Number of protein chains: 2
Amino acid sequence: MTKKPTMPATPPAVRANVSVAAPASSEEAPTSSRATRAAERRAAIVDAAMEEFIARGFAATRLDDIAKRAGVAKGTIYLHFKDKESMFEELVRIVIVPVVARLTTLPPPAGSVRDLIEAFAGNFLREVIGTRRGDLVRLIVAEGPRFPSVADFYYREVVSRGIAAMRALIELGIARGEIRDKDLARYPQILVAPAMIAVIWQSLFARHAPLDAQDMLRVHLDLIFGERRTT
Amino acid sequence: MTKKPTMPATPPAVRANVSVAAPASSEEAPTSSRATRAAERRAAIVDAAMEEFIARGFAATRLDDIAKRAGVAKGTIYLHFKDKESMFEELVRIVIVPVVARLTTLPPPAGSVRDLIEAFAGNFLREVIGTRRGDLVRLIVAEGPRFPSVADFYYREVVSRGIAAMRALIELGIARGEIRDKDLARYPQILVAPAMIAVIWQSLFARHAPLDAQDMLRVHLDLIFGERRTT
DNA sequence: AAAATATGACTGACTAGTCAGTCATAGTCA
DNA sequence: TGACTATGACTGACTAGTCAGTCATATTTT
């Protein structure tokens, strides 16, 4: 390479909006025991690694950069992770698991199916679309084929559960007469597709043509449930 | 790295199902003038590069491997392309352009809007979903953020045109009363979303849970147009 | 023979991973 | 309590290897 073609990763000033650790008082807070400090460092490494991997992809990310961003020596990374690969794999688990936990903690099953799904979509909008986590989803799509274990994990923990949950909701909707089309239960992907497209769109094309994801999802739900009767 | 973790790229035996050149008689066919031979070599390089980039991503792909797969010395690549980066960029153009050309050559605008869209979907199924070109789309999603010029090109040549074409069809459908939901014209993405999801699904999750893309698209169109009246 | 092409050994910049040594903290003893 | 020792988290210079890009040489075409 004649010169570095890669654009700089998000500069350190713009910190992740999704942090693994508590606010991580950046400097000199020996608030803590050895174990605590170690945990903080690990979290700092995870945050830094996520930023770098999202910005550059797995292969092009340098461990030196992760170390610098985390404010840690390179060797320290190897105290916490076996190697670059397993760091990437663990990273995905660490970031994804709590999100799934939160999203699958459904709100009380009160109200119509549409209300349930709207609550779901609202969470998704807030927690994923247009956030670092959305970028992480794109990263998984990007690196999945080269990391079968990551793809497997993601399928098992996120996709299959999500599909199952959506299918259950759709079947409920059909049973209650809220949803007309009975075939929809066979392809819950259709229900989720616009949300996924929104994630990708924000990552790739937002600067060409911003997308009002919330409004789009509303239109999509109108399509499935029929126009929203203004309560 | 202690050992190569990457799985081998598709072995040379399994040739691309999408070739840039004519069948590329692999050995010794001096059928041709210099210019022709040069063009064949260039095409072989493009094919090989596509395979490798799809299998490994940009950063992890070695030019030595592309050369070997194309049956060419590494130096030869530099007779055709300035460097790895511009090879990738040109590659995308070279492969995408003819597909767009073919897909935008609409069949005679006869029949219902649904028929038009179904024809479109059929082409897309055949030409993209589950083919190397589908993988290329995933690759663009993957590398887009690191190759703004690729993302720009893809947006300009494929996405914006596709969206515009879909919008036109939707508006026609609304005008003719085939489509109920008027808001759909504001988000043609909704019409296309399941097809994109199918592309990604085949790439990432096919071996966990195969997806009948054709049937899914049919269900989706039923959702938009209402159940298909059996002609 | 001259020109156009093609080759692949070579170079140098770059980076994953290592490890001997440092030092703040935790633990022990008088 | 204060001094002294043990621990292991942390460091960063270093090694071994990789790979994009070059170019002197060989091969093919005209």
Side-chain angles (χ1 to χ4, degrees), chain A residues 1-6 8-9 21 27-46 48-49 52-53 56-91 146-147, chain B residues 1-6 9 27-45 48-49 52-53 55-91 146-147:
Chain A
M1 250 176 257
T2 315
K3 71 169 186 182
K4 297 260 182 63
T6 43
E27 277 310 343
E28 292 318 311
T31 344
S32 35
S33 68
R34 277 228 274 238
T36 313
R37 296 237 326 139
E40 281 174 6
R41 292 202 115 110
R42 191 187 156 92
I45 291 169
V46 169
E52 294 288 331
F53 282 134
R56 300 191 203 290
F58 177 80
T61 290
R62 284 173 296 250
L63 289 191
D64 284 313
D65 289 348
I66 293 176
K68 191 180 294 176
R69 183 185 278 262
V72 143
K74 181 148 66 137
T76 306
I77 292 175
Y78 287 90
L79 300 176
H80 292 278
F81 300 96
K82 180 171 150 286
D83 57 14
K84 194 183 175 187
E85 248 190 292
S86 54
M87 179 167 56
F88 180 71
E89 293 170 4
E90 281 195 55
L91 167 72
R146 262 146 278 144
F147 288 90
Chain B
M1 249 177 254
T2 316
K3 72 171 185 183
K4 295 259 183 62
T6 44
E27 278 309 345
E28 293 318 312
T31 345
S32 35
S33 70
R34 272 230 275 246
T36 314
R37 295 238 325 137
E40 282 174 5
R41 270 155 144 32
R42 192 187 156 91
I45 292 169
E52 294 289 330
F53 282 135
R56 300 192 204 288
F58 177 81
T61 291
R62 285 173 296 250
L63 289 192
D64 284 312
D65 289 347
I66 294 176
K68 191 180 294 177
R69 182 185 279 261
V72 142
K74 184 154 60 145
T76 306
I77 292 176
Y78 286 89
L79 300 175
H80 292 276
F81 300 96
K82 179 169 150 285
D83 58 14
K84 194 184 177 187
E85 248 190 290
S86 54
M87 179 168 57
F88 180 71
E89 294 172 3
E90 281 195 54
L91 167 73
R146 262 146 277 144
F147 288 90

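All of these numbers come straight from a predicted model, not from anything done at the bench. Per chain, numbering begins at 1; letters A, B, ... match sequence-line order.
Atom P of nucleotide C:dT15 and atom NZ of A:Lys68 are separated by 11 Å, given to the nearest angstrom. In this structure, B:Asp64 places its CG atom 11 Å from C1' of D:dG21, rounding to the nearest Å. Here the P atom of nucleotide C:dA6 and the CD atom of B:Glu40 are 11 Å apart, to the nearest Å. Whole-Å rounding puts the B:Tyr78 OH to D:dC23 P distance at 13 Å. Here the P atom of nucleotide C:dT15 and the CG atom of A:Leu63 are 10 Å apart, to the nearest Å. To the nearest angstrom, C1' of C:dT15 lies 12 Å from CD1 of A:Ile66.
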For B:Lys84 and B:Ile77: C-alpha separation, side-chain torsions, deciding distance, then whether side-chain contact (heavy atoms from CB on, under 4.5 Å) applies. CA-CA 9 Å; B:Lys84 194 184 177 187; B:Ile77 292 176; over 6 Å; no

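Helix-axis bend for the helix from C:dA1-D:dT30 to C:dA30-D:dT1: the local axis fitted to the five terminal pairs at one end deviates from that at the other end by 10°, rounded to 10°.
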Hey, what are the protein-to-nucleotides 8-12 of chain D N/O distances that come in under 3.5 Å?
from	atom 1	to	atom 2	distance (Å)
D:dC10	OP1	A:Arg41	NH1	3.3
D:dT11	OP2	A:Ala73	N	2.8
D:dT11	OP2	A:Thr76	OG1	2.5

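Between the side chain of A:Lys74 and the backbone N or O of A:Ile66, no donor-acceptor pair lies under 3.5 Å. The closest donor-acceptor contact from the side chain of B:Thr61 to the backbone of B:Gly57 lies under 3.5 Å.
Here the closest heavy-atom approach between residue B:Arg146 and residue A:Arg56 is recorded as CD-O, 2.9 Å. Closest approach of B:Ala73 to B:Ala67, counting heavy atoms only: C-CB, 4.0 Å. Closest approach of A:Ala70 to A:Ala44, counting heavy atoms only: CB-O, 3.7 Å.
For B:Asp83, taking side-chain heavy atoms from C-beta onward, the closest of the listed nucleotides C:dA16, D:dG21, D:dC19 is D:dG21.
Remark: A:Phe81 engages no residue in a ring-ring contact (aromatic ring centres under 6.0 Å, His included) (not counting sequence neighbours).
Between A:Phe58 and A:Phe53, the ring planes lie parallel to each other; the angle is under 30°, not in the 30° to 60° tilted range.
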